[in-house]
Amino acid sequence: MKLEDAKNILNDIGQEHVLGFLDELDESAKESLLDQILETDFSVLGRLDEENSGERGAFAPLAAMQCSEIESRRGELYEAGINAIRSGKTAALLLAGGMGTRLGFDHPKGMYNVGITRPLYIFECLINNLLDVVKESETWIRLFIMTSEKNHDDTVSFFKEKDYFGYKADMVSFFKQKMAPCCDFDGKLYMEAKDRISTSPNGNAGWYSSMIRAGLDKILADEGVEWIDVFAVDNVLQRICDPCFVGATVLADVSVGAKVVRKAAPDEKVGVICTEDGRPSIVEYYELSQEMMDAKDENGDPAYNYGVILNYLFKTSELSKVTDDKMPLHVVRKKIPYITESGEPVKPTEPNGFKFEQLVLDMIHQLSTCLPYEVVRENEFAPIKNLTGIDSVDSARELLKKNGVEL
Ligand code: UTP
């Protein structure tokens with residue numbers, strides 16, 4: 001029955017080769033391949049023509065709450081934020097489902113050791129940062145960690161082995177994000193093994209629907225969590241659920257707060273927060289026109305001056321407005337390991353096909369209001385994307401040292 005269903009699905013989409021090794025597989029491998037076929041959403045394959053099709057609306061500047069205002073209102077913002085944290089209205093969610101291919105590390109990126117004279121893992125840096133707030137507020141904050149099928153087991157065992165770096169184990173919940181199939185430039189599915197279609201994590205916007213799929217939204221509802229701070233694995237300096245950011249977002253009563261940094265140069269390669277057709281949005285650096293780069297606000301400062309750092313505080317009651325089918329699908333050229341028709345493994349050195357992703361920044365555009373909240377780059381932005389150079393282990397180590405973290 002399963003075999004018939006799988007054959008029908010593959011015939012409909014012209015991908016019969018997926019069963020090409022069936023006769024060589026033992027019963028359990030057969031079963032696992034058939035299950036994968038039945039569970040996979042192949043509709044993305046029909047959207048290859050969406051590569052580069054990102055039609056955009058009319059952009060306009062969106063003012064940020066700047067450091068000067070944050071300083072002058074610090075007491076008020078802190079009070080509102082710490083109250084929200086103490087009353088259990090705030091949770092944190094770590095996006096750790098990415099492949100981290102640029103770092104070229106064989107384990108989940110969070111397991112990377114940035115220490116020099118002692119071990120200090122990326123996950124540990126993030127937990128330490130969150131523990132600062134836990135201690136200050138004397139309140140455990142719920143932490144959700146999104147992994148993918150590729151790195152889930154490694155991630156969970158690492159946390160267990162390290163005793164959650166001092167975090168309270170029953171306040172941490174792991175869940176897996178969905179995967180999307182990968183194909184060559186003609187739309188033909190790649191196989192990563194004889195019993196497995198090549199897949200990759202479906203992008204970091206998948207966090208909310210994957211959280212629902214795992215039944216974890218129930219915790220949010222049962223415990224009255226109103227705000228969830230969603231953050232990336234790679235920024236080892238970021239403050240998570242910090243009271244002033246929480247307070248500013250709560251008091252502004254917006255759908256989402258977004259941490260931003262002042263751009264280092266008009267053409268810096270960061271996504272810039274703005275509005276698009278009246279809704280909050282993020283414009284990628286390569287979409288910024290010269291006119292937008294030159295535009296000034298009423299104080300004579302650049303009007304598109306704040307880059308996002310992938311740390312957002314979402315109002316949970318607004319999340320139902322954000323559905324996967326409303327968000328654009330990013331069709332991205334990547335290097336995809338695969339096996340040939342004769343079963344030989346290939347590790348390409350150049351992009352050889354497409355992956356499909358939905359991005360958290362597109363969630364922002366589904367919401368009606370956003371507060372960009374300025375943080376000081378040197379204190380809160382040390383992303384690790386590469387081993388050396390810009391946004392690397394080297395640059396992050398320098399910044400950690402400058403911020404007094406012993407390495
Ligand atoms: P990146 O854009 O850096 O992607 O993710 P990546 O896949 O981790 O790294 P490269 O491009 O292969 O080098 C930004 C954040 O979003 C998470 C990542 O783990 C990181 O925290 N992410 C990304 C997911 O959780 N799921 C995804 O499918 C993609």
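Counting starts at 1 for both ligands and their atoms, following the listed order. For the single chain, residues carry numbers from 1 onward in sequence order.
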Check whether any N or O atom of [X], backbone or side chain, sits under 3.5 Å from an N or O atom of ligand 1, and answer yes or no.
X: Gln177; answer: yes
X: Gly97; answer: yes
X: Gly98; answer: yes

Salt bridge check, [Y] against [X]: does any charged N sit closer than 4.0 Å to a carboxylate O?
X: Glu398; Y: Lys402; value: no
X: Glu16; Y: Lys188; value: no
X: Asp132; Y: Arg239; value: yes
X: Lys150; Y: Glu192; value: yes

Which segment of [X] sits under 4.0 Å of ligand 1 when only heavy atoms are counted:
X: Ala96; result: backbone
X: Leu94; result: neither
X: Met146; result: side chain

Ligand 1 atoms in contact with [X] (distance to a heavy atom under 4.0 Å):
X: Asp234; result: 3 (O), 20 (C)
X: Ala232; result: 15 (C), 21 (O)
X: Leu310; result: 14 (C), 15 (C)
X: Lys385; result: 1 (P), 3 (O), 14 (C)

(request) Tell me, please: is Met99 in heavy-atom contact with ligand 1, that is, under 4.0 Å? (result) yes
[atom]: the protein heavy-atom neighbour that sits closest, reported with distance to 0.1 Å:
atom: atom 2 (O) of ligand 1; value: Arg102 NH2, 3.8 Å
atom: atom 16 (O) of ligand 1; value: Asn204 ND2, 3.1 Å
atom: atom 6 (P) of ligand 1; value: Gly100 N, 3.6 Å
atom: atom 28 (O) of ligand 1; value: Gly203 N, 2.8 Å

(request) Would you please name every residue forming a ring-ring contact (aromatic ring centres under 6.0 Å, His included) with Phe356, sequence neighbours left out? (result) none
(request) Determine whether more than 12 heavy atoms belonging to other residues, nucleotides or ligands lie under 6.0 Å from atom NZ of Lys326. (result) yes
(message) Can you tell me how the ring of Tyr121 sits relative to the ring of Phe158, calling it parallel under 30°, perpendicular over 60° and tilted otherwise?
(response) perpendicular
(message) Would you call the rings of Phe123 and Phe159 parallel, tilted or perpendicular, taking 30° and 60° as the class edges?
(response) tilted
(request) Can you spot which of Ser137, Pro243, Cys241 makes a side-chain contact (heavy atoms from CB on, under 4.5 Å) with Thr90? (result) Cys241
(message) Out of the candidates Val393, Ile384, Asp234, only one should pair with Tyr112 under the side-chain contact (heavy atoms from CB on, under 4.5 Å) rule; please name it.
(response) Val393
(request) Select the closest option to atom 10 (P) of ligand 1 among Ile145, Leu359, Thr101, judged by heavy-atom distance. (result) Thr101
